[in-house]
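Order of listing sets the numbers, starting from 1, for every ligand and every atom in it.
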Amino acid sequence: MYWKTENLRPQLGTKIVGSHVAQYDIIDSTNLEALRLAEAGMPAGTVVIARTQTEGRGRLGRRWQDLTGRCLLMTVLVEPPEPPGLITAMGALAVARALEGLELTPQIKWPNDVLIDGRKVAGVLAEGPTRGLVALGIGVNVSGRPEELRVDLRTPAAFLSDAADRAMSVREVAERVMRELDVALRRLQAGGAGPLVEQVRERDCLSGRRITIACGDERIEGEAVEWLDDGRLAVLTDSGEQLRLEAGEVTVL
Ligand code: BTN
C-alpha cells in the first residue's frame, strides 16, 4: 500500500473527489477500507483504489470478482445525497458518462448496473454511513474477457476493452469516473435531484420493458414504468398494482 498524500483535485480538475487517494495492491474490499478511513476521520472526497480485492462485495450479499490490475475497484467517500436513495444512481450515472467519453454507449439498469449491449460492465454498491459519510463503491471490468471471471452473474459480464475492441487502461477509466462523479455531486448540490434523475432516465434500459422482480422468495411480473426521483423503480404489476421498489433483482423478460 502507499498513500498519495497530495491532493489530486487540481490534476483531475475536481472540486470534491480526489482530496486524498489511498492505493493498495491488495485489500479485503475498497468499501470496507473507505469506511475504516471514514471512522479514522478522513473527509468526503477520499478515494480508495485497489488492484485486487480478497472480499469484493456485491449487492445482495454477493461477491464481486476481479482480474488483478485489469478492473477498476474504487470507493469514494461521499456525503449522502438528498434523497439518500439516489446515491447508487449517482455512481451508475458517473460510470455511464465516463464510458460515453470513451465513445461507448452504456445503459443503466436499475438499481446499480451499467450495461453495454445488455452485458454488465460495472456495478455500484453504497455502504455506510460512517461518521456521516457513505462509501460509494464502483467496480468496472476494464481489460479482459468474460470467461476469465468465474462468478455466475445473472446478467452476463462484459469488459470495456472487448466492447470497444481496443486496449483500455484502468487509470484512464478511473480518472474519467472520478471527474464525472464530481460533476454529479456538484450538480446535486446546486440543482437538486431532478436534473440528475433526468440524465439517469435517458440511459435507463428498463422503462416500458416487461420484467420479473425477485424480492426474497417472491417473484412479481409486470412492466417497468420509470426510475423515480428518490431512486426507487415504479412498476405496474400484471395484477394492476403500482409498486415502488426500493430493492430487488430485476430480470428483463
Ligand atoms: C454489484 O453490482 O453487485 C455491485 C458491485 C460493486 C463492486 C465494487 S468494486 C469496488 C467496491 N468495493 C467492493 O467491495 N465492492 C465495490
Lys/Arg-Asp/Glu bridge criterion (N-O < 4.0 Å) met for D229, R201: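 So D229 pairs with R201 through a salt bridge.
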Contact residues of ligand 1, where a non-hydrogen atom lies under 4.0 Å away: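 Lining ligand 1 at under 4.0 Å, by heavy atoms, one finds S29, T30, N31, Q53, G56, R57, G58, R59, W64, L73, M74, T75, N112, D113, K120, G123, V124, L125, G137, I138, G139.
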All side chain to side chain donor-acceptor pair (under 3.5 Å) counterparts of E79, not counting sequence neighbours: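 Residues passing side chain to side chain donor-acceptor pair (under 3.5 Å) with E79: none at all.
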Side-chain donor or acceptor of E148 paired with backbone N/O of R145 under 3.5 Å: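 It does hold such a pair.
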Hydrophobic cluster (4.5 angstrom, side-chain heavy atoms) - remaining members for L236: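 Grouped by the 4.5 Å side-chain rule, V225 form the rest of the cluster around L236.
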Criterion side chain to side chain contact (heavy atoms under 4.5 Å, CB included) on L181 and L136, from CA distance to verdict: CA-CA 10 Å; L181 187 59; L136 181 59; 3.8 Å; yes
Pairs where residues 131-142 contributes a residue and the test salt bridge (Lys or Arg N to Asp or Glu O under 4.0 Å) is met, not counting sequence neighbours: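 Residue pairs passing salt bridge (Lys or Arg N to Asp or Glu O under 4.0 Å), neighbours aside: E39-R131.
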